[in-house]
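Shown next, in structure tokens, is the structure this report addresses.
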Amino acid sequence: MPEGHSVHRLARQLDDVFAGQVLQVSSPQGRFAAGAALLDGHELLEATAHGKQLFARFSGERILRVHLGLYGAFGFGGDQTFRGASSIGAPRRIGEKEAYDDEAPAAYDGPPAPVGQVRMRLVSAHGWADLRGPSVCEVLTIPEAEAVRWRLGPDPLGADTAAGEEEFVGRIGATGTVIAAALMNQSLIAGVGNIYRAEALFRAGLDPWMRGRDVPVPALRALWADICAMMADGVRDGRIITTRVRDRSDPEAPVWPDHAYYTYQRQGRPCLICGTPIGLAELAARKLYWCPGCQAPTRRVP
DNA sequence: CTAGCATGATCAC
DNA sequence: TGATCCTGCTAGC
């Protein structure tokens with residue numbers, strides 16, 4: 001998926017183009033017809049994100065909750081107020097950047113006929129947004145939405161990073177599961193996905209198979225701070241880039257992805273720092289990438 | 001044309 | 001741990 005940074009950008013963009021407007025909400029595909037009927041004709045008050053969850057609050061005390069899953073994506077279009085509104089969601093190629101139409105704004109004529117499986121379409125007087133392929137798209141009451149938030153760990157892109165740090169250290173530092181799996185558990189930290197997990201562990205020099213509770217607390221604090229910084233960059237850039245500038249050039253790969261990552265999808269290729277071939281393992285049904293040299297075993301699970 | 005794959009998560013066993 | 005769901009692109013017949 002779009003990891004947490006994409007969902008935060010998405011929330012911001014929805015807020016920019018739709019907040020304060022009455023929307024027509026529909027489900028061209030039909031699978032969200034009932035939910036769309038609940039929202040249709042209501043005003044979108046505010047869109048926010050917590051980790052990978054998107055919440056859009058509508059008048060009438062209804063909350064639209066969307067989770068993009070692996071494949072979900074939003075596309076946008078409209079008049080000049082939609083200029084720069086990029087499509088956000090599942091990339092089709094490694095490191096793909098968000099795409100948007102940079103053409104001079106033609107007169108807006110209303111939304112085009114839906115293409116493919118459009119689960120939900122939002123339409124204002126100025127433009128439209130199409131959602132396809134989400135794993136969740138539902139309408140909640142306010143208490144139901146709060147219950148969803150309650151189950152989530154701290155968000156590195158949340159407002160209170162100091163409180164988040166304490167929560168992160170408390171939760172990760174108490175778990176007996178390996179750190180690589182713990183970082184993907186949204187109830188321990190919300191918003192980290194497979195790329196940030198691999199890259200954060202690499203940058204911290206941590207052995208992925210160490211238990212959470214065996215990672216020294218200062219290392220956990222540094223890990224939290226680094227994740228916050230990387231994801232903030234992701235929000236700014238609309239793309240995940242985790243390598244430091246000095247590590248990016250490579251005669252072998254002159255074209256993008258010009259070493260945007262240290263380990264993600266670099267299995268078998270030499271580590272940018274130590275030259276050891278990057279490893280690939282299957283962990284809880286996801287691919288884990290790491291450098292056996294830079295992230296040497298310390299206190300692994302036996 | 002089909003199978004396989006992807007930055008995800010849940011549920012049953 | 002394995003099966004399942006969501007969608008669209010791409011590699012390989």
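Here is the naming used below: chain letters follow the sequence lines, and residue numbers restart at 1 for every chain.
Applying the 6.0 Å contact sphere to CZ of A:R221 captures more than 12 heavy atoms from other residues, nucleotides or ligands. Enclosure of atom CD in A:E61 is not indicated, since only 12 or fewer non-hydrogen atoms of other residues, nucleotides or ligands lie within 6.0 angstrom.
For the pair A:Q265 CD and C:dT10 P, the computed distance is 14 Å after rounding to whole Å. Rounded to whole Å, atom P of C:dT7 lies 10 Å from atom CG of A:L131. Per the geometry, CG belonging to A:L70 stands 15 Å off P belonging to C:dC5, to the nearest Å. When the P atom of C:dC5 is taken as reference, atom CD of A:E138 falls 18 Å away, rounded to whole Å.
Between A:Q186 and B:dA9 there is a side-chain N or O to OP1 or OP2 distance below 4.0 Å. For C:dC6, the OP1/OP2 oxygens have no side-chain nitrogen or oxygen of A:R119 closer than 4.0 Å. Contact annotation: A:Q29 does not reach the phosphate of C:dC6 (side-chain N/O to OP1 or OP2, under 4.0 Å). Look at A:R286 and you won't find any side-chain N or O under 4.0 angstrom from OP1 or OP2 of C:dG2. Here A:K287 does not reach the OP1 or OP2 of B:dC5: none of its side-chain N or O atoms lies under 4.0 Å away. Note on A:H67: a side-chain N or O is less than 4.0 Å away from OP1 or OP2 of B:dA9.
Between the side chain of A:S27 and the main chain of A:R119, a donor-acceptor pair closer than 3.5 Å is present.
Distances from the side chain of A:R132 to the nucleotides B:dG8, B:dA9, C:dT7 place C:dT7 closest. Candidate nucleotides B:dA6, B:dA9, C:dT7 were compared by shortest atom distance to the side chain of A:K52, and B:dA9 ranks first. The side chain of A:N194 approaches B:dG8 more closely than any other nucleotide in the set B:dA6, C:dT7, B:dG8. Of all nucleotides listed (C:dG8, B:dA6, B:dG8), B:dA6 comes nearest to the side chain of A:Y264.
Rounding to the nearest 0.5 Å gives a distance of 5.0 Å between CH2 of A:W224 and CD1 of A:I189.
In this structure, A:R149 is positioned above the aromatic face of A:F55, its NZ or CZ under 6.0 Å from the six-membered ring centre and within 45° of the axis.
C:dG8 and B:dT10 have their P atoms separated by 23 Å, given to the nearest Å. Spacing between C:dC6 and B:dC1 at atom P, rounded to whole Å, works out to 23 Å.
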